[in-house]
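Report on the structure given below.
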Amino acid sequence: MEELETDVLVLGSGGAGLMAALYALDVNPKLRVTLATKGLFGKSGCTRMVQGGYNVVLSPNDSIERHFEDTMIGGHWLNNHILARTLVEDAPVVVHEMWEKAGVRFMRDKDGNLRQKGLAGQTFDRTVHHGDLTGIEIVSRLSEQVRARGTRVLEECRAVDLLVEDGEVFGAVLLPARTGEFVVARASITVLATGGSAPIFSISSASLEKCGDGYALAYRAGATLLDMEMSQFHPTGLIAPGSRLNGSVIAEELRAAGGYLYNAERERFMGKYNPRFEKATRDEVSRGCYFEIAAGRGTPNGGVWLDVSHLGPKAVEELFPGMLERCLLIGRDLRKEPIEVCPTSHFEMGGVRINRDCHSDLPGLLVAGEDSGGVHGANRLGGNGVADSTVYGRRAGLCAAHTAGRRRIKKIDPARAVADALAPWERTGGEQPQALHAEFRNLMWEKVGVVREAAAMTQAINALRALQERVGKVSVGGSRAYNLTWQSALDVRNAVTVGQMVARCALTREESRGAHYRSDFPSEVDSWTRNLTVHQHAGEMRLGEQEVVREPATAAG
Ligand SMILES: Cc1cc2nc3c(=O)[nH]c(=O)nc-3n(C[C@H](O)[C@H](O)[C@H](O)COP(=O)(O)OP(=O)(O)OC[C@H]3O[C@@H](n4cnc5c(N)ncnc54)[C@H](O)[C@@H]3O)c2cc1C
């Protein structure tokens with residue numbers, strides 16, 4: 001088995017992974033930094049998909065305190081206060097440094113100041129952007145720098161398991177899809193930045209290779225995760241049956257600019273749910289759409305209609321060129337007709353418990369970006385996601401650079417992780433993992449989705465247990481190189497573990513808060529202002545609780 005040794009091993013090449021690699025090398029250019037990513041380098045993950053932009057306090061009329069409060073109100077005060085404050089305090093520094101170090105450009109006004117616009121949930125227009133290609137700009141510029149600084153990059157190379165002994169992490173077992181031959185990557189510090197698990201639901205806007213690998217790896221290694229019930233749905237995912245565009249986001253701007261949502265009876269229904277109609281928050285509009293569909297007033301493909309044609313063809317062309325193009329790809333013309341949309345799984349607020357320097361509970365394991373939990377509480381504001389991945393990716397890189405030299409690499413036996421990953425090859429006649437994965441995603445969508453209640457979730461938890469057993473029996477054959485069936489078997493193993501965390505935490509939280517809505521407990525309850533935790537103990541999934549982390553009181557109280 002091939003072995004490599006590195007000071008810092010970064011897993012994932014979205015905003016968090018790229019910033020971690022960049023800053024580790026910036027502090028100490030002599031460090032050996034290796035970045036392994038499941039997708040293509042510079043082309044994978046959700047940071048690249050960022051269109052709306054990046055929240056940052058720049059104007060003297062805005063303030064850090066205001067951004068902090070917006071973030072906490074958005075998160076229904078479930079956020080780790082220290083992580084949320086660090087996010088908003090670091091964001092201006094990071095935006096400045098991304099320009100200085102990597103040349104990341106955001107749009108400017110005629111006076112040369114960064115142009116800022118508003119997104120939902122903000123009391124000040126503080127979102128910087130690069131047209132609607134913000135993510136492409138960020139990832140492209142950061143990728144160039146990471147390559148230029150001599151990082152060893154392994155692409156289409158997934159982490160299968162962390163190398164852990166006595167609760168300490170020293171690297172990971174990697175599997176390059178192109179060869180199918182394992183690589184043991186031994187590292188002083190490992191940075192987990194694999195980007196969450198939004199596609200565990202059958203309709204999702206996120207990059208499809210993300211199936212909760214990071215959460216499952218951290219969980220198996222013994223880390224604690226929190227807020228896993230907090231799954232965010234974007235209200236307007238495009239319905240495009242049979243197309244990869246199914247579930248892709250139709251931007252919030254369409255509703256902000258005056259777009260209407262109709263049910264199949266041509267009723268503009270949002271007024272029944274919220275006086276702000278289509279301009280209500282993401283979770284409220286998602287639920288409005290869901291209730292209409294569930295009541296049998298959905299469109300032929302199970303959605304609702306989103307219509308901007310009344311704005312006129314010229315306005316549609318000028319305001320939403322990207323969205324117009326996206327819809328034309330599936331044969332719908334936004335200038336003259338409505339499109340079918342439905343809620344789509346967009347982001348997971350939960351994740352691995354960290355402190356402000358990205359330390360998880362496991363020495364040697366840093367976690368950043370969507371893989372971490374606590375920054376966003378019960379709901380993430382648009383524009384705070386990419387701020388999170390770059391702010392905490394940078395912190396992980398700085399911390400890795402300062403600690404890597406102080407940890408001697410312990411050589412941990414990879415046999416167990418390799419044997420587990422190879423298990424499907426030992427069997428014959430098992431089920432197809434792709435079919436199991438699809439069944440799993442449908443189950444999550446139907447029973448643990450936008451609107452939740454105890455009976456359906458209990459059914460889901462039982463079904464997930466049965467699915468886990470079936471996943472343990474799948475078989476794989478053929479060549480190991482580019483074996484998509486094998487990759488899928490590894491995906492579904494992790495996804496089902498994450499699904500169980502989400503479903504069990506969602507059943508336990510008997511209230512509605514932020515993105516988590518229980519039809520049997522429709523109100524927010526003060527005494528539930530605490531985090532649910534989940535970890536593995538003696539092979540069992542254990543749930544617990546913790547107090548929300550607050551900032552230390554000042555001398556003045
Ligand atoms: C359509 C869409 C639009 C969005 N728009 C905005 C916006 O306008 N503003 C905003 O703030 N946020 C937005 N977000 C959220 C934002 O994209 C995320 O919060 C953020 O980019 C996540 O960054 P990350 O680095 O944690 O993960 P990602 O950028 O998703 O990167 C994850 C990386 O990990 C890799 N990976 C996965 N599994 C493994 C494994 N097992 N081993 C190794 N590598 C692995 C992937 O290939 C990928 O390279 C949007 C999200 C979506 C889906």
Side-chain angles (χ1 to χ4, degrees), residues 9-20 35-56 87 91 117 119 127-130 132-135 138-139 142-143 153-162 172-177 185 190-199 204-218 232 234 236-238 247-253 326 344-349 351 367-372 375-376 380-393 396 487 490-491 494-495:
L9 174 66
V10 178
L11 303 173
S13 63
L18 291 170
M19 288 291 275
L35 184 151
T37 188
K38 188 176 185 180
L40 290 171
F41 182 71
K43 297 255 179 341
S44 56
C46 292
T47 308
R48 219 186 129 73
M49 297 177 170
V50 166
Q51 294 176 328
Y54 190 123
N55 292 347
V56 56
L87 173 83
K117 65 176 182 181
L119 288 179
T127 309
V128 294
H129 57 103
H130 183 100
D132 59 2
L133 300 176
T134 310
I138 293 175
V139 169
L142 294 179
S143 303
V153 174
L154 307 170
E155 59 179 353
E156 294 196 298
C157 177
R158 71 188 295 158
V160 172
D161 258 316
L162 297 170
V173 173
L174 308 178
L175 179 61
T190 305
V191 180
L192 192 66
T194 70
S197 63
S204 172
S205 61
S207 176
L208 284 179
E209 84 273 20
K210 303 204 306 183
C211 51
D213 286 352
Y215 299 149
L217 265 64
Q232 184 179 71
H234 193 292
T236 52
L238 182 65
S248 61
V249 162
I250 297 297
E252 216 152 277
E253 276 91 341
R326 177 169 291 180
T344 181
S345 167
H346 193 57
F347 186 86
E348 174 61 50
M349 271 72 70
V367 184
E370 209 173 330
D371 274 351
S372 70
V375 178
H376 309 287
R380 172 180 72 77
L381 296 186
N384 269 1
V386 66
D388 173 2
S389 59
T390 52
V391 160
Y392 283 100
Q487 297 294 331
L490 298 171
D491 286 349
N494 291 339

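Ligands are counted one by one from 1 in listed order, and the atoms in each one are counted from 1 as well. Values below: all heavy atoms of this structure, side chains included; hydrogens, waters and symmetry mates excluded. In this chain, residues are counted from 1 in sequence order. Being a predicted model, the structure only gives us computed values, none of them experimental.
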Nearest-option assignment for atom 47 (O) of ligand 1, heavy atoms, candidates Arg380, Glu155, Met349, Glu209:
Glu209
At under 4.0 Å between heavy atoms, what of Ser389 touches ligand 1? The answer is side chain
Contact between Leu174 and Arg158 at the side-chain level, heavy atoms closer than 4.5 Å - yes or no?
no
Got a donor-acceptor contact below 3.5 angstrom from the Gln232 side chain to the Arg380 backbone?
yes
Would you say Leu490 and Leu175 make side-chain contact, with heavy atoms under 4.5 Å?
yes
Which protein heavy atom lies closest to atom 52 (C) of ligand 1, and at what distance to 0.1 Å?
His346 CE1, 3.4 Å
I'd like to know if the side chain of Ser248 and the backbone of Leu238 have a donor-acceptor N/O pair within less than 3.5 Å.
no
If you count the atoms of ligand 1 from 1 in the order shown, which ones are under 4.0 Å from a heavy atom of Ala193?
32 (C), 33 (C), 34 (O)
What about Gly369: any of its N or O atoms under 3.5 Å from an N or O on ligand 1?
no
Quick check: do Thr37 and Val10 have side-chain heavy atoms less than 4.5 Å from each other?
no
Sorted by chain and residue number, the side-chain hydrogen bond (donor to acceptor under 3.5 Å, both in side chains) partners of Ser389 (sequence neighbours excluded) come out as none
Going by atom type alone, with no hydrogens or angles, which donor-acceptor pairs under 3.5 Å involve a side-chain atom of residues 381-388 and a protein atom two or more places apart or on another chain?
from: Asn384; atom 1: OD1; to: Asn55; atom 2: ND2; distance (Å): 3.0
from: Asn384; atom 1: OD1; to: His67; atom 2: NE2; distance (Å): 3.0
from: Asn384; atom 1: ND2; to: Thr71; atom 2: OG1; distance (Å): 3.1
from: Asp388; atom 1: OD2; to: His376; atom 2: NE2; distance (Å): 2.8

Atoms in ligand 1 with a heavy atom of Gln51 nearer than 4.0 Å:
5 (N), 8 (O)
Non-hydrogen atom of Ala36 closer than 4.0 Å to ligand 1:
yes
Would you say Ala159 has any N or O atom under 3.5 Å from an N or O of ligand 1, going by distance alone?
yes
Do side-chain atoms of Thr236 reach the backbone of Ile250 as a donor and acceptor pair under 3.5 angstrom?
yes
At under 4.0 Å between heavy atoms, which part of Thr194 makes contact with ligand 1: side chain, backbone, both or neither?
both
What I want to know is whether Leu11 and ligand 1 share at least one N or O pair that is separated by under 3.5 angstrom.
no
What atoms of ligand 1 come closer than 4.0 angstrom to any heavy atom of Gly52?
8 (O)
Under 4.0 Å from ligand 1, counting heavy atoms only, is it the side chain of Lys210, its backbone, both or neither?
side chain
Presence of salt bridge, Glu155 and Lys43, under 4.0 angstrom:
no
Glu348 backbone acceptor or donor facing Glu370 side chain under 3.5 Å
yes
Testing the basics here: between Tyr215 and Asp371, what is the closest heavy-atom pair and its distance to 0.1 Å?
CE2-O, 3.4 Å
Does Asp388 have a heavy atom less than 4.0 Å from any atom of ligand 1?
no
For Gly14, the atoms of ligand 1 under 4.0 Å from one of its heavy atoms are 25 (O), 28 (P), 29 (O), 31 (O), 33 (C), 49 (O)
Do His346 and Val249 have side-chain heavy atoms sitting under 4.5 Å apart?
yes
Atom 29 (O) of ligand 1: nearest protein contact (heavy atom, Å)
Thr47 OG1, 2.5 Å
Nearest neighbour in protein (non-hydrogen) for atom 9 (N) of ligand 1
Gly53 O, 2.8 Å
For atom 26 (O) of ligand 1, what's the nearest protein heavy-atom neighbour? Residue, atom name and distance, please.
Glu370 N, 2.9 Å
For ligand 1 and Val386, I'd like to know whether there is a polar contact (N/O to N/O, distance under 3.5 Å).
yes
Ser205 side-chain N/O to Thr344 backbone N/O, donor-acceptor pair under 3.5 Å
no
Which is it for Asp371 and ligand 1 at heavy atoms under 4.0 Å: side chain, backbone, both or neither?
neither
Should you measure from each heavy atom of Asp213, which atoms of ligand 1 turn up under 4.0 Å away?
38 (N), 39 (C), 40 (C), 41 (N)
So, the side chain of Arg48 versus the backbone of Gly42: is there a donor-acceptor pair under 3.5 Å, distance only?
yes
Residue pair Lys38, Ser44: steps toward the side chain to side chain contact (heavy atoms under 4.5 Å, CB included) verdict
CA-CA 8 Å; Lys38 188 176 185 180; Ser44 56; over 6 Å; no
For Gly39, take its heavy atoms, then give the atoms of ligand 1 lying under 4.0 Å from any of them.
47 (O)
Minimum non-hydrogen distance to atom 45 (C) of ligand 1, winning option of Glu252, His234, Met49, Lys38
Lys38
With a 4.5 Å limit on heavy-atom distance, are the side chains of Thr190 and Leu162 in contact?
yes
Using distance alone, decide if ligand 1 has a nitrogen or oxygen within less than 3.5 Å of any nitrogen or oxygen in Phe347.
no
Out of Gly12, Cys46, Gly195, indicate the one that has the non-hydrogen atom closest to atom 30 (O) of ligand 1.
Cys46
Per-atom filter on ligand 1: closer than 4.0 angstrom to a heavy atom of Asn384 are 11 (O)
Determine whether a donor-acceptor pair (N or O, by modelled atom type, separation under 3.5 Å) exists between the side chain of Gln51 and the backbone of Gly135.
no
Can you tell which part of Ser248 has a heavy atom less than 4.0 Å from ligand 1: side chain, backbone, both or neither?
neither
Any ion pair linking Lys117 and Glu253 (charged N to carboxylate O, less than 4.0 Å)?
yes
Judged by non-hydrogen atoms, does Ser207 sit under 4.0 Å from ligand 1?
no
When you compare ligand 1 with Val249, is there at least one nitrogen or oxygen pair between them that comes in under 3.5 angstrom?
no
Does any N or O atom in Thr37 lie less than 3.5 angstrom from one in ligand 1, N or O only?
yes
Heavy atom of the protein closest to atom 6 (C) of ligand 1 (residue, atom name, distance):
Val50 CG2, 3.6 Å
Are any of the N/O atoms on Ala206, whether in the backbone or the side chain, positioned under 3.5 angstrom from an N/O atom of ligand 1?
no
Geometry only, no angles: is Ser13 polar-contacting ligand 1 at N/O separations under 3.5 Å?
yes
Give the residue and atom name of whichever protein heavy atom lies nearest to atom 25 (O) of ligand 1, and the separation in Å to one decimal.
Ala16 N, 3.0 Å
May I have the step-by-step check of side chain to side chain contact (heavy atoms under 4.5 Å, CB included) for Thr47 and Leu18, ending in yes or no?
CA-CA 10 Å; Thr47 308; Leu18 291 170; over 6 Å; no
Around atom 49 (O) of ligand 1, find the nearest protein heavy atom and jot down its residue, atom name and distance.
Ser44 OG, 2.8 Å
